Amino acid sequence: MSYKKIKKTVKNFNIEEICNSGQCFRMEAMENGRYRVLAKDRCLEIEQKGEVCTFFCEEADFETFWKPYFDLERDYALCISKIPAEDLYLTRAARFGSGIRILKQDLWEMIVSFLISQQNNIVRIRRCIQNICEKYGEERPDMYGNTYYSFPKPEVLAELDEDELKACNLGYRSKYVVRTARSVVTEEINLEKVAKMDYAAAKEELLKLFGVGEKVADCICLFALHQMQAFPVDTHIRQALEQNYADGFPMEQYEGMQGILQQYIFYYELKGKKEQENV
DNA sequence: CCTCAGGTCATCA
DNA sequence: TGATGACCTGAG
């Protein structure tokens, strides 16, 4: 398998933080220190040394797929600079996760991933998705000739029995995924149209899917549609806001970047607090 | 044996 | 509109 090394210097990019920020469930650290990313039917390896990242892929793939995927064109430092210094909590959270990027992932993949995410922990979410890919995805060779699996298309999952995905450890979420796959295949919900809608319209459409509620719809809007206004509120975020913003979070101050802040807060609550305890 | 994990749905007032 | 319980599963 031939491949190229594409070197880029990128600020506010930390592949480890991205990997651990809980928005992508098919990214992992390899033994040699590189990271492997599976997205849709693709596979990419990344190596990072300081601000220099090496992407192992074809030039055309990098420009059309991976550059938007990692949101490389956006100035995250500019976003962080809009946080007022008086807001100690947000300043700290943004500093802790300053290498996070909002990934632009595949719409169908995010729908399934966040259907599975509800009342679930990240380790098990990853395993569920890996199980589904291995069972229903297609085999592909990576750059060493080893096999990885693509994310199964809606047509494949729509054929299944409602409880069939319990075999992949989905539990009660199995019927959410299968019924949603059917809605997509019949174009009751047309994903190509959803992808072109604005935030409000896209969210309203996604909420029609069985198993998609407020929080999951916002995750899909943020991580697939790149709607930066989306601010998914889960248990961690709710708790963090209650603790640090008694008068309410000043959402209006951060027009068009709420989703980025949500990720800083989420990642800080998930990883930052533990790190403090260990010190 | 409990409780919890990136919630949502059905049901009832 | 808002509150309440059920729901798969496995790790701690």
Side-chain angles (χ1 to χ4, degrees), chain A residues 17-28 93 96-97 100-103 105-107 109-132 134-135 157 160-184 188-189 202-245 249 258-274 277-278:
Chain A
E17 290 175 13
I18 294 169
C19 183
N20 293 326
S21 66
Q23 45 175 321
C24 173
F25 304 102
R26 300 170 74 207
M27 186 181 298
E28 62 181 2
F96 182 75
I100 292 176
R101 301 238 149 199
I102 305 295
L103 302 179
Q105 303 184 72
D106 180 67
L107 179 53
E109 192 169 330
M110 287 303 98
I111 292 172
V112 175
S113 297
F114 283 95
L115 276 173
I116 292 172
S117 76
Q118 59 181 265
Q119 284 291 281
N120 212 340
N121 62 63
I122 292 182
V123 175
R124 198 156 81 99
I125 297 166
R126 295 187 115 100
R127 212 176 51 232
C128 287
I129 292 169
Q130 191 181 348
N131 289 341
I132 291 181
E134 287 180 1
K135 190 154 185 183
L157 301 184
L160 304 180
D161 209 51
E162 287 199 354
D163 287 332
E164 215 164 330
L165 288 173
K166 286 186 175 176
C168 293
N169 285 304
L170 295 218
Y172 69 89
R173 306 164 195 82
S174 175
K175 62 177 178 296
Y176 292 165
V177 173
V178 175
R179 280 206 221 172
T180 289
R182 291 176 189 159
S183 302
V184 169
E188 182 194 337
I189 303 296
K203 183 169 174 181
E204 188 183 341
E205 203 60 14
L206 290 167
L207 283 170
K208 294 177 185 168
L209 295 168
F210 186 57
V212 174
E214 279 283 321
K215 188 266 173 183
V216 168
D218 272 330
C219 284
I220 298 167
C221 285
L222 184 58
F223 302 130
L225 303 179
H226 249 207
Q227 294 288 352
M228 296 299 166
Q229 333 149 47
F231 190 94
V233 178
D234 62 36
T235 49
H236 296 116
I237 298 291
R238 181 164 292 120
Q239 193 186 15
L241 295 190
E242 279 170 8
Q243 251 170 44
N244 300 287
Y245 300 92
F249 186 75
Q258 297 93 326
I260 298 174
L261 300 182
Q262 190 272 1
Q263 274 299 279
Y264 293 147
I265 297 171
F266 180 78
Y267 181 66
Y268 184 58
E269 290 296 317
L270 207 66
K271 304 281 178 186
K273 298 294 181 67
K274 282 182 190 169
E277 284 169 17
N278 293 338

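Letters go in sequence order (proteins before strands), and every chain restarts at 1. Predicted model, so just to flag it, every value in this text is computed and none were measured. Values below: all heavy atoms of this structure, side chains included; hydrogens, waters and symmetry mates excluded.
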Tell me what [X] touches on the nucleic acid: a base, only sugar-phosphate, or nothing, going by heavy atoms under 4.0 Å.
X	answer
A/G22	base
A/Q239	nothing
A/L115	nothing
A/V233	nothing
A/S21	base
A/G213	sugar-phosphate
A/E214	sugar-phosphate

Open item on the list: Using side chain to side chain contact (heavy atoms under 4.5 Å, CB included), reason through A/E17 and A/K271 one step at a time and then give a plain yes or no.
Closed with: CA-CA 10 Å; A/E17 290 175 13; A/K271 304 281 178 186; over 6 Å; no
Task: Partners passing side-chain hydrogen bond (donor to acceptor under 3.5 Å, both in side chains) against A/E162 (at least two apart in sequence or in another chain) - done: A/R179
First locate atom [atom1] of [X], then atom [atom2] of [Y], and finally report the distance between them rounded to the nearest 0.5 Å.
X	Y	atom1	atom2	result
A/L115	A/N120	CG	CG	11.5 Å
A/F223	A/D218	CZ	CG	10.0 Å
A/Y264	A/S21	OH	OG	10.5 Å
A/R238	A/K215	CZ	NZ	11.0 Å
A/I116	A/F25	CD1	CZ	9.0 Å
A/I237	A/I265	CD1	CD1	5.0 Å

Spacing between [X] atom [atom1] and [N] atom [atom2], to the nearest angstrom:
X	N	atom1	atom2	value
A/R238	B/dG7	CZ	P	9 Å
A/F25	B/dA5	CZ	C1'	12 Å
A/D234	B/dG6	CG	P	8 Å
A/I220	B/dG6	CD1	P	17 Å
A/L222	B/dG6	CG	C1'	12 Å
A/K175	C/dA6	NZ	P	15 Å
A/I125	C/dT9	CD1	P	16 Å
A/F223	B/dG6	CZ	C1'	9 Å

List every contact pair, protein side and nucleotides 10-13 of chain B side both N or O, where the distance is under 3.5 Å.
none

Under 4.0 Å: is that the gap between some side-chain N or O of [X] and OP1 or OP2 of [N]?
X	N	value
A/Q118	B/dG7	no
A/N120	C/dC8	no
A/T235	B/dG7	yes

Quantified in whole Å, what is the [atom1] atom distance between nucleotide [N] and nucleotide [M]?
N	M	atom1	result
B/dA5	C/dA3	C1'	22 Å
C/dA6	B/dG6	P	23 Å
C/dC8	B/dA10	P	13 Å

From [options], pick the nucleotide closest to the side chain of [X]?
X	options	value
A/K215	B/dG6, C/dG10, C/dC8	B/dG6
A/N169	C/dT9, B/dA5, C/dC8	C/dT9
A/Q119	C/dG10, B/dA5, B/dG6	B/dA5
A/Y172	B/dT8, B/dG6, C/dC7	C/dC7

Open item on the list: Which residue is it: A/Q227, A/Q229, A/E214? I am looking for the one with a side chain to side chain donor-acceptor pair (under 3.5 Å) to A/K203.
Closed with: A/E214
Open item on the list: If you compare all heavy atoms of A/L270 against all heavy atoms of A/N20, which two are closest, and at what distance to 0.1 Å?
Closed with: CD2-O, 4.4 Å
- [ ] Determine whether the aromatic ring centres of A/F114 and A/Y176 lie less than 6.0 Å apart.
- [x] no
Open item on the list: Looking at the base of C/dC8, is there any donor atom on it, or on the side chain of A/R124, that sits under 3.5 Å from an acceptor on the other one?
Closed with: yes
Open item on the list: Taking donor-acceptor contacts at under 3.5 Å, does the side chain of A/Y176 reach the base of B/dG7?
Closed with: no
Open item on the list: As a test of your reading of the structure, name each stem of DNA chain B as range with range, where a stem is three or more consecutive Watson-Crick or G-U pairs at under 3.5 Å.
Closed with: B:2-5 with C:9-12, B:7-13 with C:1-7
TODO: Verify, without hydrogens or angle tests, whether A/R101 (side chain) and A/I18 (backbone) share a donor-acceptor contact under 3.5 angstrom.
DONE: no
Open item on the list: Applying the 5.5 Å / 30° rule, does A/F114 stack onto the base of B/dG6?
Closed with: no
